[in-house]
Every structure is written in structure tokens, then in C-alpha cells.
Amino acid sequence: MSPRRATRRLAADLHGLAEAGRLLREGGLVAFPTETVYGLGADATDGRAVAGIYEAKGRPSFNPLIAHVAEPDEARGLGQFDAAADALSRAFWPGPLTLVVPMAAGAGISDLARAGLDTIGLRVPSHALARTILKAAGRPVAAPSANRSGHVSPTTAAHVLADLDGRIDAVVEGGAADVGVESTIIACLGGDPVLLRPGGLAREAAEAVIGRPLAASSSETTIAPGMLASHYAPNAAIRLDARDVAANEALLAFGPDVPAGAATVLNLSPSGDLSEAAANLFGHLRALDASGAARIAVMPIPKRGLGEAIRDRLARAAAPRG
Ligand code: TXA
Ligand code: MG
């Protein structure tokens, strides 16, 4: 399923960290320590690289990923920060806090890294090795925990290798992650800040800075971690496993054999490559939706590899909504 990759062990020295940065710039998958847990990093601006994260983890659906950068100012440039987000970022970055905010225009984070949302999760880790790697990469790095889907989060390089050896390009051997639980995630989307996931930063500390209690997350207002309720849903109806197309439909194609007759056609991958299809999925759906078609016909996507996650997302987009 996942293409075999020789996994290099990189020492946490100048050479190893520079190499980690270079691999990330070239679209590789690199696991690295942060103060919370080890992350599996890929260039957040490169949809193909991000697709590799899902492949390596064997994740059957696309969740939005956190974009990691080395400097608080850099992170603030990628999102729209309201007063609460600004205060939290100044109090707790670098550190185990992720802020979900509306994405800034031109931030360049791939659709797949955001799972098609207009918001973005941003984090500036405090771990010195992580920050050096992020500086060397010179771009935002998308990184979920570096474990196989359904397994526990790794706090050592050995844990990472136990799950991902042969599936990623490198792991930086940087000792144990000391916080050991993932970052606290707070969404600041204009209204009351919402605690999406408790984590390495105590709720009380965050509440002291904003001067009020954090709201509880509900699938109405925001996404709870791992939950899929408010993912991007197009206005157009979706028809799955379409082998033909009607004149009033837009067509989301896959592979070389595309039926004729649609008003608008976008192909997820003319060559039938599932990583390329994953990288294009949300952007193409959005573009077809914007074309004004009442319905989007979607050609069959194979179930293997990333096809499972693509099909999961399409099924959710096609589901009746209230
Ligand atoms: O400590 C951590 O946060 C670690 C290290 C590697 O930084 N990363 C981590 O990533 O735990 P992950 O993918 O396991 O969890 C990220 C969670 C997702 O489950 C998702 O719900 C939430 O962050 N998230 C990210 N972007 C979001 C967005 N735009 N809206 C809502 N939730 C978002
Ligand atoms: Mg995780």
C-alpha cells in the first residue's frame, strides 16, 4: 500500500538537522521530536508531500493537520488572529499550544493539510531540535503524531521506528519528548475561544490570559479533534461512482478514461495516481462547486491505499445534510 522508503536515522547534530530540513524541502517525510510527541512532518505547502503522511500512517480519512513553524511572527502571518488568539500566542508560543484561526490570504497551506477548511491549526513548538529543523525547512511543516493510525502517539524515536520504519524517509533521533501528550488546541474564530482538545498546556493557564472561561467544543461551532462533522461540504449535490455524466453535472474525474458530456471537468489524477488525487481532492471539489453546477458526478475511486481516505471524504461530502 504505502510505497517502501528506506528510513534514515538522523543524528540530532548540525548535519542531521540540516539534512532533515533538506528532505522536508524536497517533499520527503521526516519524523522529528517536539516537546509534546514526535511529529511526522511534510511540507505543508505541497499537497503531494502531505498525501504521503496519510499513506504512511495508513489513515483512512483526512483530518486537518497542524502547521508548524519556528517563529511566532511567522505563525501570526499565516492566520487571522483576533485579540484572544494574539494574546494566547504571545503568552504561550513557543510551546504546547495549537491555535485554530481563519487562514490568512496567500498563506499557501495546501488544501489537503487543512482538509479543505478555511481555517488553519498553527503551532510553534518550543523544542530546540524541532525549531532548528523548521528553520532549515524554511516553510510550514504539517505534522500529526508519528504513529500508525489507531496506535498511541510516540515519545521516542524508537516508538516512531516501531510503527513507521520503511514507510518514511527519516527520523531524527532526538531523545524523549518530555511533555508526552499532544498540544492543547484552542479555536479562535471570532466568538468565544473554544477548547478543541485538552493537552500539554493547562486550561487554567489559557483562561488566565484571556480573562474568561474557554467554551466547550460542539460539532455545531467547530470541529472536535478527529471528528468530521463540519468538514468542507459543497453546495452542489454529489453523485458517487459515476460512469457517465449528465449535461447539467460537473465531473470530478479520475484516471485516463473520462466520459464526455460534462459542462466542467476536473481530473484528480489523469494517470490514476492516488497521492496526486488526494492532493487535488479538496481544491477540485471547491472549484467544481464554484462553477455553479447543481450536481458533481464523481468517477469511481479505487479502494486501495489513499483511495480509502478519498472515498471516505467523498462519501461524507455526498451525505444528506440537515
Ligand atoms: O502536540 C501536537 O499537537 C502534535 C505534535 C506533533 O505537534 N501533533 C498532533 O497532531 O497531535 P494530530 O494530527 O495528531 O492532531 C491534530 C488535531 C486534529 O485531530 C484536528 O482535529 C485538529 O488538530 N486541527 C488541526 N487543524 C484544525 C482546524 N483547522 N480546525 C479544527 N481542528 C483542527
Ligand atoms: Mg495523533
- prompt: Would you call E249 and R295 a salt bridge, taking side-chain N to carboxylate O under 4.0 Å as the test?
  reply: yes
message: One thing to verify: whether D165 and R5 come together as a salt bridge, which I'm taking to mean a side-chain N less than 4.0 angstrom from a carboxylate O.
response: no
Charged N-O contact under 4.0 Å between K303 and D312: no
- prompt: Do the side chain of D43 and the main chain of R139 share a donor and acceptor less than 3.5 angstrom apart?
  reply: no
message: Between K135 and E71 (salt bridge meaning N to carboxylate O under 4.0 Å), is one present in this structure?
response: yes
field: Heavy-atom closest contact (S149 atom, G58 atom, distance)
entry: CB-O, 3.5 Å
message: If hydrophobic clusters are built by linking Ile, Leu, Val, Met, Phe, Trp and Tyr wherever their side-chain heavy atoms come under 4.5 Å apart, do V171 and V30 end up in the same one?
response: no
message: Under 4.5 Å between side-chain heavy atoms, counting indirect links through other Ile/Leu/Val/Met/Phe/Trp/Tyr residues: same cluster for L129 and V160 or not?
response: no
message: Treating H284 as the side-chain partner and L266 as the backbone partner, does any N or O pair qualify as donor plus acceptor under 3.5 Å?
response: no
- prompt: Are D257 and R243 close enough for a salt bridge, meaning some N to O gap below 4.0 Å?
  reply: no
query: Okay, side chain of R131, backbone of A70: is any donor-acceptor separation there less than 3.5 Å?
result: yes
message: Using modelled atom types and a 3.5 Å cut-off, is there a donor and acceptor pairing between side-chain atoms of H151 and backbone atoms of N147?
response: no
query: Is there a donor-acceptor contact under 3.5 Å from the side chain of T184 to the main chain of L201?
result: yes
query: Distance only, no hydrogens: is a donor on one side chain within 3.5 Å (strictly under) of an acceptor on the other, for R76 and S89?
result: yes
message: If the threshold is 4.0 Å, N to carboxylate O, is there a salt bridge linking E19 and R22?
response: yes
message: Treating T7 as the side-chain partner and G166 as the backbone partner, does any N or O pair qualify as donor plus acceptor under 3.5 Å?
response: yes
message: Whether the side chain of Y38 engages the backbone of E173 through a donor-acceptor N/O pair (distance < 3.5 Å, no angle test) should be reported.
response: no
- prompt: Is any side-chain heavy atom of I66 closer than 4.5 Å to a side-chain heavy atom of S183?
  reply: yes
- prompt: Is there side-chain contact between L161 and R9, with heavy atoms separated by less than 4.5 Å?
  reply: yes
- prompt: Should P33 and V172 count as side-chain neighbours, where that means a heavy-atom distance under 4.5 Å?
  reply: yes
message: Quick check against the 3.5 Å criterion: does D86 have a side-chain atom that pairs as donor or acceptor with the backbone of F81?
response: no
- prompt: Quick one: does S145's side chain have a donor or acceptor within less than 3.5 Å of a partner on G39's backbone?
  reply: no
field: Side-chain touch L99/I186, heavy atoms, less than 4.5 angstrom
entry: yes
- prompt: Checking D111 side chain against G116 main chain: does a donor-acceptor pair fall under 3.5 Å?
  reply: no
- prompt: Any Lys/Arg nitrogen of D169 or R8 sitting under 4.0 Å from an Asp/Glu carboxylate oxygen of the other?
  reply: no
